[in-house]
2 protein chains.
Amino acid sequence: MSDLAAALEVVGARWALLIVERLLDGPQRYGDLQRELGVPTNMLAIRLRELEAAGVLSRLPLKHNTRAYALTDRGLALRAAIVALGRWGAEQVRTANKGRDPGDHGGGVADA
Amino acid sequence: MSDLAAALEVVGARWALLIVERLLDGPQRYGDLQRELGVPTNMLAIRLRELEAAGVLSRLPLKHNTRAYALTDRGLALRAAIVALGRWGAEQVRTANKGRDPGDHGGGVADA
DNA sequence: CGGAGAACTTGTATTTTGCAAGTGTGAGCC
DNA sequence: GGCTCACACTTGCAAAATACAAGTTCTCCG
């Protein structure tokens with residue numbers, strides 16, 4: 001199995017990479033992830049469990065019965081891949097507006 | 001929708017990125033992709049159609065009724081992302097051999 | 001105690017994926 | 001010309017993943 005296939009086994013499932021992307025901004029709580037991503041709640045629960053089991057993220061207990069999810073080192077190591085894919089997606093979006101788009105000429109590569 | 005989400009709409013489906021990875025080595029034929037990836041034939045047909053529609057790859061007609069699939073510029077632009085994800089996957093594989101592995105520190109590709 | 005917010009779980013419909021078998025087309029052989 | 005073969009798919013159906021909606025548990029607050 002190729003390295004890429006190994007990576008996709010962990011973060012190839014639907015929503016997984018998007019969850020990690022949100023977490024790159026710092027720890028988030030369950031409800032925040034759900035609202036910002038629009039992911040179905042049962043899927044979110046499953047993904048968080050899988051990603052925790054894979055060592056990509058960990059749960060930090062907060063007050064009361066709440067917790068936050070934070071990336072581990074292994075999760076943070078995904079930043080390069082996520083940025084690369086995001087850049088490609090941005091180009092995709094720009095050229096998806098087929099035809100010319102007069103008025104936009106800024107070098108708009110949304111950097112990170 | 002984030003740039004990452006846009007990217008995943010195109011190459012987030014199962015097998016899509018693996019197909020593109022194979023194509024980074026140059027144009028391939030249908031049968032080659034199927035045998036090397038082990039992807040079900042109907043999935044391969046669907047993915048190739050979608051990726052072509054998305055402008056990621058194109059078909060080149062060869063002799064008689066055979067053709068080859070080759071990446072477009074847009075497809076080639078995925079190389080950086082694929083390499084980054086592949087690197088991450090490689091680390092994943094190495095540390096998946098949890099615990100210490102005394103004596104082995106070479107490029108031991110453990111699994112099959 | 002009653003209600004509200006957070007983090008899930010459970011049940012069921014819908015979509016995606018996988019497996020096996022079949023179709024069409026042109027080449028090569030006889 | 002008819003047969004077989006490889007290639008590039010298509011089709012039918014079962015299994016798995018995903019989505020949607022509702023319910024559950026826990027804790028704090030009043």
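Atom set for the values below is all heavy atoms of this structure, side chains included, hydrogens, waters and symmetry mates excluded. Within every chain, numbering begins at 1; the chains are lettered A, B, ... in the order of the sequence lines, protein sequences first and strands thereafter.
A donor-acceptor distance shorter than 3.5 angstrom exists from the side chain of B:R74 to the backbone of B:A54, with no hydrogens or angles considered. Distance alone, capped at 3.5 Å, places no donor-acceptor pair between the B:E36 side chain and the B:Q34 backbone. Side-chain atoms of A:Y30 never come within 3.5 Å of backbone atoms of A:L44 as a donor-acceptor pair (strictly under, hydrogens ignored). The backbone N or O of A:L33 sits nowhere less than 3.5 Å from a side-chain atom of A:R35 that would complete a donor-acceptor pair.
Side-chain atoms of B:V11 and B:I19, non-hydrogen and from C-beta on, never get closer than 4.5 Å to each other. Proximity of A:M43 to A:R14: side-chain heavy atoms (C-beta onward) are nowhere separated by under 4.5 Å. Looking only at side-chain heavy atoms (C-beta outward), B:Y69 and B:L60 stay at 4.5 Å or farther from each other. The shortest side-chain heavy-atom distance between B:L76 and B:L23 does not fall under the 4.5 Å cut-off.
B:V93 and A:V56 are not part of a single hydrophobic cluster, where members link through side-chain heavy atoms under 4.5 Å apart.
Residues of residues 45-60 of chain A that place a heavy atom closer than 4.0 Å to DNA chain D, in numerical order, are A:R47. DNA chain D lies under 4.0 Å from at least one heavy atom of each of the following residues of residues 10-32 of chain B: B:R14, B:R29, B:Y30, B:G31.
Across the protein-nucleic acid pair, A:M43 atom CE and C:dT12 atom P stand 17 Å apart, rounded to whole Å.
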B/S/- contact track for nucleotides 19-28 of chain C, protein heavy atom under 4.0 Å:
B-B---BSS-
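Other residues, nucleotides and ligands place no more than 12 heavy atoms under 6.0 Å from the CG atom of A:D73.
Residues passing the side chain to side chain donor-acceptor pair (under 3.5 Å) test with A:R49, sequence neighbours excluded: none. Applying the salt bridge (charged side-chain N to carboxylate O under 4.0 Å, His left out) criterion to B:R47, with sequence neighbours excluded, gives B:E50.
When DNA chain D is scanned in the 5' to 3' direction for atoms under 4.0 Å from non-hydrogen atoms of chain B, the outermost contacting nucleotides are D:dC7 to D:dA17.
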